[in-house]
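Order of listing sets the numbers, starting from 1, for every ligand and every atom in it.
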Amino acid sequence: MTLINGDASEKEQYEVIVVGTGVSGIYQLHKLRELGVSVLALEAGSDVGGTWYWNRYPGARFDSESYSYGYSFSEELLAEWDWKERFSGQPENLRYLQHVADRFDLREDIRFDTRVRSCVFDDVTNKWEVEAEDGFRVECQILITAIGILSKPLIPEYPGMENFDGPSFHTAQWPSEGVDFDGKRVAVIGTGATAVQLIQEVAKSAEHLTIFQRSPNWCAPLHNGPISEEEMSSIKNRYEDIFEACKSSFAGFIHTSDSRKALDVTAAERNEFYEELYASPGFGIWMGNFRDVLVDEEANKTLSEFVERKIRERVNNPDIAEKLIPKDHGFGTRRVPMETRYYEVYNQENVMLVDLNETPIEAVTTRGIETTKHNYDFDLVIYATGFDAVMGPFNSIDFVGANGKLLREKWSSGPRTFLGMSVSGFPNMFTLVGPHNASTFCNQPRCIEQNVEWVSDFVAYFFKNRISRVEASEIAENSWTEHVHESVSRLLMSKTDSWFMGVNKNIVGREEKNFMLYAGGFPGYTQRCNDIASNGYEGFNLS
Ligand code: NAP
């Protein structure tokens, strides 16, 4: 670190700044330190962890098998860390990331409680000036964002919200001291992956729980359970194979799709396979199913009908079951929430479902929530209403690129990137888990390691070759953006409204589908990135 002198304009200088210390920022910082470049990471929270730092709601846990989620880059780390549950919970996940930060001595290069406000590129010096909300300013040659895609919580605006007498908060802004539901009348708004995890926990102790649902989702059983010492030691012996399997799977999970098509087998065989998947842990039913269920409407219908039967079997009241069954999209075409006795919650005396399509919320009152039909009294209102996904975190910072161009203006009609890691007009900047990056539709740490290693190789190349400016070419960006949209067009998810498709009913201008992720598969993406690097970073303008 160098300090540039000069009274009010005094600012630190680093070769690289990393914004964010979640799963991607932690590893990026570690890799850059290994390379020996001067680096500082800026973190909005008071500790590392990102997603697992902010999302402390009860029930928050991995939907990926724990042993497939941890970092794979260090044999020592793999050997010393024992996962306790098949799908580990938030407290342990945060402890793990804190352990990684301590083990690799990363904290000394992190400035906590530092929320970045702006990043401005200087066309003359080819440097970025980064400014935080507390006035901290720093300059760097390379800027790496590790800000996540689900880090900007969104609470809908209801009239009167500020008047509610009790506590109310978003799931991603959960009070760190915890929340006691005992004897409380609780409202949960939303039924996405977060709400489904939360609801099954709140229902255990709340005096009464009211769930406000706008759109039901197709949920599937998680089948969590403890990992015994013997099992953990066997996992440790198989780590290499496990990570290899993830690398060759479409989305970085241990689950790979079945080579058969649903429509090529008999109804009995199909049903048997669906039963097997429904009884198995994790995302197998989504990622390890017949290879046509996510691309062919007829095949998908057979799976949706199977899950529909399961919902009807598990929910006692047929009217409630009916409301919990999605009618506007097929299984797996939106993110599948994973559950543990979620559907059985609706059989409990202390739980009620309010269908917002029949009775929309009109206002929040001092005592609770008013719909078009009823006034409900609550002690606590929880917004599990999701995020300004993908674009939100980028739009929250003023990224000003070459010629004073604002990133949010450039992306006003949707993201345009090269590999989801670089943006034309924004030199010397890399976006880990950026829009249109394979890690957005992935068992994230697996794709994050690929992102970080690729970017780190580039950073080494940049300094070794005394490059001062790197920028994706417009041609490369156009061709990647076209490829991204093409990659999703064959999937049924492209026909369904969801945050994957950039639709958010709470944000004006986000009514139309505009794909935010990358659905061309992790192995193909890795190959493409590697080919580009081997060809001297083809598609980038270097000077
Ligand atoms: P989400 O999937 O966007 O769900 C938000 C929920 O709130 C939806 O049910 C939505 O209904 C509802 N909602 C939003 N605005 C509303 C309004 N004005 N009135 C009524 N209802 C409203 O958000 P999320 O559940 O937080 O999950 C986001 C993503 O985080 C997931 O898809 C997943 O990728 C990730 N996640 C991961 C894990 C894990 O890995 N273990 C756990 C949780 C979440 P509509 O559908 O009608 O908009």
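Using bins of under 30°, 30° to 60° and over 60° for the plane-to-plane angle, the ring pair Y69/F62 lands in the parallel bin. Between Y158 and Y383, the ring planes lie parallel to each other; the angle is under 30°, not in the 30° to 60° tilted range. Using a 30° and 60° split on the angle between ring planes, F306 and Y278 fall in the perpendicular class, above 60°. The aromatic rings of F283 and W286 sit perpendicular to each other, their planes meeting at more than 60°, with 30° as the lower class boundary. Using bins of under 30°, 30° to 60° and over 60° for the plane-to-plane angle, the ring pair W480/H483 lands in the tilted bin.
Within 4.0 Å of ligand 1, heavy atoms belong to protein residues Y57, R61, F62, D63, L150, P156, Y158, I189, G190, T191, G192, A193, T194, Q197, R214, S215, R334, R335, L356, A384, T385, G386, F387, W499, K505, N506.
If you look at F399 and W411, their ring centroids are not closer than 6.0 Å.
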